[in-house]
Structures are given as structure tokens and as C-alpha cells.
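Excluded from the calculations below are hydrogen atoms, water molecules and symmetry mates; all remaining heavy atoms, backbone and side chain alike, are included. Here is how names work: the chains are called A, B, and so on, in the same order as the sequence lines, proteins then strands, and each is numbered from 1. None of these values were measured; they are calculated from a predicted model.
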Protein chains: 2
Amino acid sequence: MKVREAMSSPSEVIPIERPTLHMIVVSRIRDMVIEGTLPAGARIHEGQVGEQLGISRTPLREALKVLASEGLVELVPSRGAVVTTLTPKAAQDMLDVLKELEAMAAPLICENASDEEIAEICQLHDKMLGFYATRSRLEYFKLNQQIHSRLISLAGNESLSLVYEILQTRMKRIRFIGDKKEDSWQAAVEDHDKIIEALKSRNGPRLSAAMVEHVTSSWERIKRAL
Amino acid sequence: MKVREAMSSPSEVIPIERPTLHMIVVSRIRDMVIEGTLPAGARIHEGQVGEQLGISRTPLREALKVLASEGLVELVPSRGAVVTTLTPKAAQDMLDVLKELEAMAAPLICENASDEEIAEICQLHDKMLGFYATRSRLEYFKLNQQIHSRLISLAGNESLSLVYEILQTRMKRIRFIGDKKEDSWQAAVEDHDKIIEALKSRNGPRLSAAMVEHVTSSWERIKRAL
DNA sequence: ATGAAGAATTCTGAATTCAGAATGTAGTTC
DNA sequence: GAACTACATTCTGAATTCAGAATTCTTCAT
């Protein structure tokens, strides 16, 4: 009681993070799938993988249930978990939905985002350009994803962010293989410049177009790289 | 091997359902949340609820992890699961996304659905009218949800169905309380007639408009009932 | 040598058990 | 009388254990 009253403001209070083991495992396995350590079609052996991570089967099993509901793995009764394979059609479908969501988000972002939030995005973008300059591909990739998620969240619609995040996660492992070639990467960076520009000027339609265009051209680049 | 070859066609093969306990528990608890047995804000006591369902804590815990990733419950570390409360703003946001998804689905449905599939929807619709006639509210509600899901799936985009399903599930517990009053219910039935009509004539724009209108007016009815 | 049947092993599904964190209560002190 | 501390209880997080299903390997018959 006393402690709570002593705090200056609720917004400053950041609860200490104390993730449970299964949450750590969820993101760990997500990374393994994205990076290809667990390739599509691979069976996840509870005993084996659990031992690798140095944990018992229980938290691993709980993590697999979550990943299954996210669609990254499939649970076959009494046969365990298998990493789902992403067919070109499935990827195309996902991108179609993502485009729709981005198109929906753009005007909301321009309307609802504060100047500070936009400035923050620009800052992240500059940082990302730094990674591009030094060709730090993994860092670039991770920050890139973060910027996109952050951008969508500026629309101020939780549900929109939620479904975007789900599809984004599913796409990650494909996205990562794209932009490998120098010219593809450069094209992606140029796409981003347009998005940032539209965001700065709060031009809804242009932002919408730029974001959709970015998704479309990303996909083209990925298909070429396959 | 032999068995697989002996089967006439892959599409005919329906694997026998043998759901694991945790899957049963997932849908069971979903129902409990939707029906209000577990009201918003209620803490789910692992030992207690587990005993009620006659199962051990393990499958219950696994189910809770899944429900958490669906957003129906929230997991507070070392304090357990709490049924999430749905604020009006959150509901509004959800509906905005649902509208977008339905608008996206409509033209795809008109394009991709086969005549048989459309006929099937009409059949379900007639069956639902039967439930309306006898005022079987729960059956009506369940079939209604099924028709909507089925309709979206006709767009032939798995991802679209997936995210629709997720949001739909979250909305269920609110939807259920709507259409309680006779005139609201009747209005909903009229909305449906328009949807069916547009579907039969494969008129994309009109189907889109009808579906979006249905979502919008449903929400109005729900708000009045609150 | 090949194929089938049956036993043995392996792996998953679920229950039980153990350890640690949180909450609630009683007692003590100022 | 109020507040703080120490203890007891309760509940979650995670490991271990047990049972049943699936796979693999062996053996036998053709």
C-alpha cells in the first residue's frame, strides 16, 4: 500500500520481468525455427530437444502447445510436434492478409500517432540504416521486424497488432532468407525510406501505398531468392 | 503403406478424430468463458477447476497456455490464470478488424466458391431459420458462428480463416449476449437474408457490404443490450 | 530372399510429486 | 491501537514418474 502510494506515477512503473521457463522456451524455439535450426518438417523430439536446452519435458511441452496455436508447429496426437512447412500458396495468402492489414493500419497511424512516436520510429530507422551500412544482416533483420511491429502498433488497435504479429511470426522464417543479395537489400532500404517519408508527412494514402508496395516487392525478392 | 494406396482419394480420407485431453479441455474452458460460467476477471484455480473437470493439473495447465495465446485468459507468473476482461474499446477494435477481413473475403468468396459450397451454406442457413422459428437460441447461435466461419473459409485463404477464427472466438462471449431481444434477433435474421442473397448471385461488392453491415449492426444491438 | 507376425524398445500423454513463491494470520513491539 | 515481522498455509512452476500408443527390430514361415 504505502509502496504504491510512494510511486511517482503509474506510467513509470515497469514491473520487473520474470518470465517463466515455458515463455523463454517459446521464444527460443521460435528463433530455432526462424533461423532454420529446426527446418520445416523436422520432428521435435521432446526428450532430445529438452535435453539440449537443459530443461525437463514439462515446460517444453507447454511451449509446444503455444507454438502450435501460433501455427509454427503441428501436433500430431501421440506422435509429437512437427515444424509446419510453408507452401508458396500459404505464404501468398498470408501476404495478402498482411497487405490488407497494413492498408487498414496506415490511415490510423497517421491519425493517432504522436509526434514523439513518429520520431521514435525515425530513430529506429536510422539505427537500422547503420546496420545496413555495416552489413550486419541479422541485426538489421531483427530491427526491421521491430520497426514494422512498432509501426502497426501506432494505429492504436490491439487486435490489429495481435493478428499482424501472428502472421508476421509465421512469415519470419521466409523473410529471413530474402534480401540476401545486395541489390535486393538495397531495394528494401529504399522502400523503407518511402514509408518513413510518408509517415513524417502523415500522409495516410501514401503511407498505405508505400507499406503495401513494400510487402509486395519483398515477396518478389524472396521468390527470386528461393 | 498398403493401406494408404488402397484409399480411393486423399480428399476422401478423414482421419479418425482422437483428440487429446488438453484439446478437449481447451474447448471446454472456451465454452465456460463464452457461456459466462467463468466470468471476466475470474481467477482459474488449477487445483479447483481441474477437480471439477475430473482431470489432473497437467492437461489443464497446457490448455491454459493455449487459451492465453488466444487471448481468452491472461497468465500472471506464479499467480495463475485470469479470464481477460473485454473493454468496449477492445471490442470495437476487434470489430473494425473483422469488418476489414470480411470486406476482403467477400469478393474472394464470390470468385472461388463452388456452386456446391454455396448450396451448402444456403442449407445451413435454412437450418438456422428453423432454430429461429423454434426460438432455440443456443443452437441458433452455434450454427450462426459456424455459417460465418464456413463462409469465410470459402475465400480459400487459410490465413484469413485463421485470424478470423481467432477474433471470432474472442468476440463470442460478447456476441452471445446480443440478439436476446426479439426485434434484435429478427434484425439479425434479415441481415443474414441479404448475405445469402448476395452470395447466391455471386455479387462481390454487395456481399461485402452486407457482411460489413451485419457486423456493424450486430455491434449496435449488443451495445443496446449491455 | 521377402514378407508378415510378434516382441521389444521408444516416445508421447497424463498423473503425481517436489520446490519455491505469494498470501494470509497471529503475535509482538512501539 | 497500529504497524511490522515471523510463521503457516496455499498455490503455482517444474521435475519426475507411470501408463499406453507407436515404431522398430527380430524371428519365422513361405
Below 3.5 Å, does any donor atom in the side chain of Thr58(B) face an acceptor in the base of dT16(C), or the other way round? yes
Quick one: the side chain of Arg79(B) and the base of dG13(D), do they pair up donor-acceptor inside 3.5 Å? no
Does [N] have its OP1 or OP2 closer than 4.0 Å to a side-chain nitrogen or oxygen of [X]?
| X | N | answer |
| --- | --- | --- |
| His45(A) | dC11(C) | yes |
| Ser78(A) | dA21(D) | no |
| Arg61(A) | dG13(C) | yes |

Nearest-Å distance for atom pair [atom1]/[atom2], residues [X] and [N]:
| X | N | atom1 | atom2 | value |
| --- | --- | --- | --- | --- |
| Leu53(A) | dA14(D) | CG | P | 14 Å |
| Gln48(A) | dT10(C) | CD | P | 12 Å |
| Glu46(B) | dA15(C) | CD | P | 13 Å |
| Glu62(A) | dT12(D) | CD | P | 13 Å |
| Leu75(B) | dT12(D) | CG | P | 11 Å |
| Met23(B) | dT12(C) | CE | P | 14 Å |
| Ile44(A) | dT12(C) | CD1 | P | 10 Å |

Would you indicate what Leu64(A) reaches in the nucleic acid, counting non-hydrogen atoms under 4.0 angstrom: base, sugar-phosphate, or nothing? nothing
With a 4.0 Å cut-off on heavy atoms, is Leu60(B) in touch with a base, just the backbone sugar-phosphate, or nothing at all? nothing
Assess whether a salt bridge exists between Lys89(A) and Glu158(B), defined as any Lys/Arg side-chain N lying under 4.0 Å from an Asp/Glu carboxylate O. no
Taking the basic N atoms (NZ, or NE/NH1/NH2) and the acidic carboxylate oxygens, is any pair closer than 4.0 Å for Glu70(B) and Arg30(B)? yes
Measure up the His192(A) and His148(A) rings against each other and bin them: parallel (under 30°), tilted (30 to 60°), perpendicular (over 60°). perpendicular
Side chain of [X] only, heavy atoms from C-beta on: which candidate in [options] is closest?
| X | options | result |
| --- | --- | --- |
| Pro59(B) | dG13(D), dG13(C), dA15(C) | dA15(C) |
| Leu21(A) | dA14(C), dA15(D), dA14(D) | dA14(D) |
| Arg57(A) | dG13(C), dC11(D), dG13(D) | dG13(C) |

If you pin Pro77(A) and Ser56(A) to their nearest nucleotides in DNA chain D, which one's is more 5'? Ser56(A)
Interatomic distance, NE2@His22(B) vs OG@Ser27(B), rounded to 0.5 Å, equals 10.0 Å
Within 45° of the axis and under 6.0 Å from the centre of the six-membered ring of Phe131(B), does NZ or CZ of Arg135(B) qualify? no
